[in-house]
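First comes the structure, then the notes that go with it.
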Amino acid sequence: MSVIDQIARLGRGAIDSVTGLGRAGLMLWGAIAKVPRVRKGTPLLIRQLYVIGVQSMVIILVSGLFIGMVLALQGYNILVGFGTEDSLGPMVALSLLRELGPVVTALLFAGRAGSALTAEIGLMKSTEQLSSLEMMAIDPLRQVIAPRFWAGVISLPLLALMFTAVGIYGGHLVGVEWKGIDSGSFWSILQASVEWRQDIVNCLIKSLVFAVVVTWIALYRGYHVIPNPEGISRATTQTVVQSSLAVLALDFLLTAMMFGR
Amino acid sequence: MSHQSLSHDNQAKGETEPMEHVQPLVEISHLAFSRGSHVIYDDVSLTIPRGKVTAIMGPSGIGKTTLLKLIGGQLRPDSGIIKVDGIDVHKCNRSELFALRKRMSMLFQSGALFTDMNVFDNVAFALREHSDLPEAIIRRIVLMKLEAVGLRGAAQMMPSELSGGMQRRAALARAIALEPELVLYDEPFAGQDPISMGVLVKLIRELSDALSLTSVVVSHDVQEVLGIADYVYVLADKKVIAHGTPAELKAADNPKLKQFIGGEPDGPVPFHFPAQDYQKEMLGERD
């Protein structure tokens with residue numbers, strides 16, 4: 001391949017990327033920048049909250065429990081060497097609130113709900129359901145995309161809080177029930193160490209940013225899928241890969257902004 | 001127009017009104033459309049008469065479905081004008097286009113039923129979205145439409161529980177739920193067994209007559225289409241190659257038309273996709 005071809009290929013890739021960003025932006029704008037329909041939109045939103053949020057709870061809660069337990073066990077083994085095992089509570093809680101809660105929840109959400117969103121919308125496109133909405137004079141962005149977007153944005157921060165709460169409980173099980181750390185010390189030091197603004201609000205901000213990004217990527221990949229089995233398969237994979245990378249990269253940026261000083 | 005008109009006399013079929021005297025609902029003038037470098041239509045002009053069943057026929061891949069999407073405003077032509085009831089579809093803004101689409105509906109090849117709703121809710125969907133009718137009235141309208149297509153008993157079934165023919169009929173009930181002026185049928189007979197095909201043929205004709213619908217049927221099922229259409233356009237080579245009543249088309253001596261209507265595998269439309277010389281390719285030589 002000649003140098004000119006390589007430059008042309010690079011240019012084409014750059015143009016495609018910018019075009020994709022523009023399309024994704026227009027899709028999101030078309031979906032959310034409209035007057036909400038309370039009477040007809042609320043049932044759609046509730047249904048999606050159930051599908052995206054409630055049905056993701058099992059994997060989030062089970063993962064949170066085990067991650068909290070592993071974190072506590074590893075933390076205990078390190079802290080006990082310094083005689084500071086009483087600090088296990090804040091170590092588990094701060095790790096979960098500041099990093100693992102929002103990040104792992106977003107990664108699990110991308111795998112569980114994001115891929116399902118892409119596949120569902122991709123199949124709706126390939127079976128002409130989106131076209132039929134258009135022909136019925138019903139905007140698919142408002143009918144299909146908007147409720148799923150808002151459901152993702154509402155669900156993920158709540159799921160991250162549940163993940164964190166269950167993780168702390170898992171840490172308590174290992175630290176207090178198994179390893180014998182004093183329960184009063186565990187909870188009191190934890191309570192004294194966790195700050196509302198610095199830890200809990202930042203946890204929610206991170207989750208909210210991840211929710212927007214993961215849901216947006218999933219919806220965009222589904223809405224602009226090539227409507228055949230290979231296209232849907234590729235779009236689903238792209239959703240998980242791109243969402244995961246975006247979450248990890250954004251996590252660094254947000255952490256630097258929140259805790260970098 | 002470059003195509004061959006066969007519609008000089010419509011009396012042969014015993015029609016009550018010659019087609020050229022019927023006010024057109026859809027007018028397509030000098031339409032050109034291409035996908036990338038592949039030209040689909042080049043200077044196509046045709047009119048769809050109001051209140052009649054008009055068939056658009058042609059070989060697979062000729063762009064018949066594309067034509068319906070152009071009429072519905074889902075695709076934009078490179079040039080040319082498409083008017084529905086005098087309104088230029090592609091000069092409408094989004095709200096004007098949606099207002100126009102409320103007056104038309106489309107039966108998709110796949111049926112395109114919403115898979116998360118049962119048959120009743122599928123048919124009721126557009127009514128609930130576009131009207132504030134009480135649920136009791138919507139229920140009656142939906143049951144009437146389902147009765148018309150013979151699926152009142154399947155109202156509570158999910159689309160996945162229906163056969164292909166039943167899905168098409170349910171989609172037909174949904175398409176006529178808002179009593180549109182224009183119904184676009186995209187390959188309604190594709191993949192249907194003879195009984196389902198017969199049912200659909202009967203339904204399209206009877207519903208068109210009963211509701212005074214203007215129907216556009218895109219299909220390559222020659223006998224079924226010629227059996228119900230009032231007027232037929234045949235597309236090939238990016239253009240309309242012939243048009244007329246079914247009787248006129250059957251009597252025509254256009255070789256391409258005869259090949260298509262007779263279902264002959266080879267002729268002016270070749271059996272082989274263009275390729276290099278067979279013998280040379282088998283011997284590994286290049287042209």
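Chain letters run A, B, ... following the sequence lines, proteins first, then strands; residues in each count from 1.
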Margin query: Counting only non-hydrogen atoms closer than 4.5 Å, does B:R128 touch chain A with its backbone (N, CA, C, O), its side chain (CB onward), both, or neither?
Written below: backbone
Note to self: Just checking A:R37: does its CZ atom have more than 12 heavy atoms from other residues, nucleotides or ligands closer to it than 6.0 angstrom?
What the structure shows: yes
Note to self: Nearest 0.5 Å, please: how far is CD1 in A:I138 from CZ in B:F98?
What the structure shows: 8.5 Å
Notebook entry, point to check: To the nearest 0.5 Å, what is the distance between CD (A:Q129) and CG (B:D116)?
Noted result: 7.0 Å
Checklist line | Exceeds 12 heavy-atom contacts within 6.0 angstrom, atom CD of B:E135 | finding: yes
Check: Taking atom OG1 of B:T115 and atom CG of A:L123, what is their separation to the nearest 0.5 Å?
Finding: 8.0 Å
Check: Looking only at heavy atoms, which two atoms of B:A112 and A:S132 are closest? And how far apart?
Finding: O-OG, 3.6 Å
Item checked: Side chain proximity check, A:M136 to B:K102, heavy atoms < 4.5 angstrom -> no
Next item on the list: Would you give the length of the straight line joining atom CZ of B:R94 to atom CD of A:E134, rounded to the nearest 0.5 angstrom?
Entry: 5.0 Å
Check: Which pair of non-hydrogen atoms, one from B:S110 and one from A:E128, has the smallest distance, and what is that distance?
Finding: OG-OE1, 2.9 Å
Next item on the list: Could you check if a side-chain atom of A:Q143 sits within less than 4.5 angstrom of a side-chain atom of B:E129, using non-hydrogen atoms only?
Entry: yes
Next item on the list: Could you tell me which non-hydrogen atom of B:R101 sits nearest to which non-hydrogen atom of A:A137, and how far apart they are?
Entry: CB-CB, 4.0 Å
Note to self: Counting heavy-atom pairs closer than 4.5 Å to chain A, which one of B:L178, B:L184, B:L113 comes out on top?
What the structure shows: B:L113
Check: Between A:E120 and chain B, which part of the residue has a heavy atom less than 4.5 Å away: side chain, backbone, both or neither?
Finding: neither
Checklist line | A:K40 atom NZ: more than 12 heavy-atom contacts under 6.0 Å | finding: yes
Check: For A:L253, does the CG atom sit with more than 12 other heavy atoms under 6.0 Å from it, leaving out its own atoms?
Finding: yes
Checklist line | Closest non-hydrogen atom pair between A:M135 and B:F108, with its separation | finding: CG-CZ, 3.9 Å
Next item on the list: State the CG-OG distance between B:L68 and A:S131, to the nearest 0.5 angstrom.
Entry: 12.0 Å
Margin query: For B:R139, I'd like to know if atom CZ has over 12 heavy atoms of other residues, nucleotides or ligands within 6.0 Å.
Written below: no
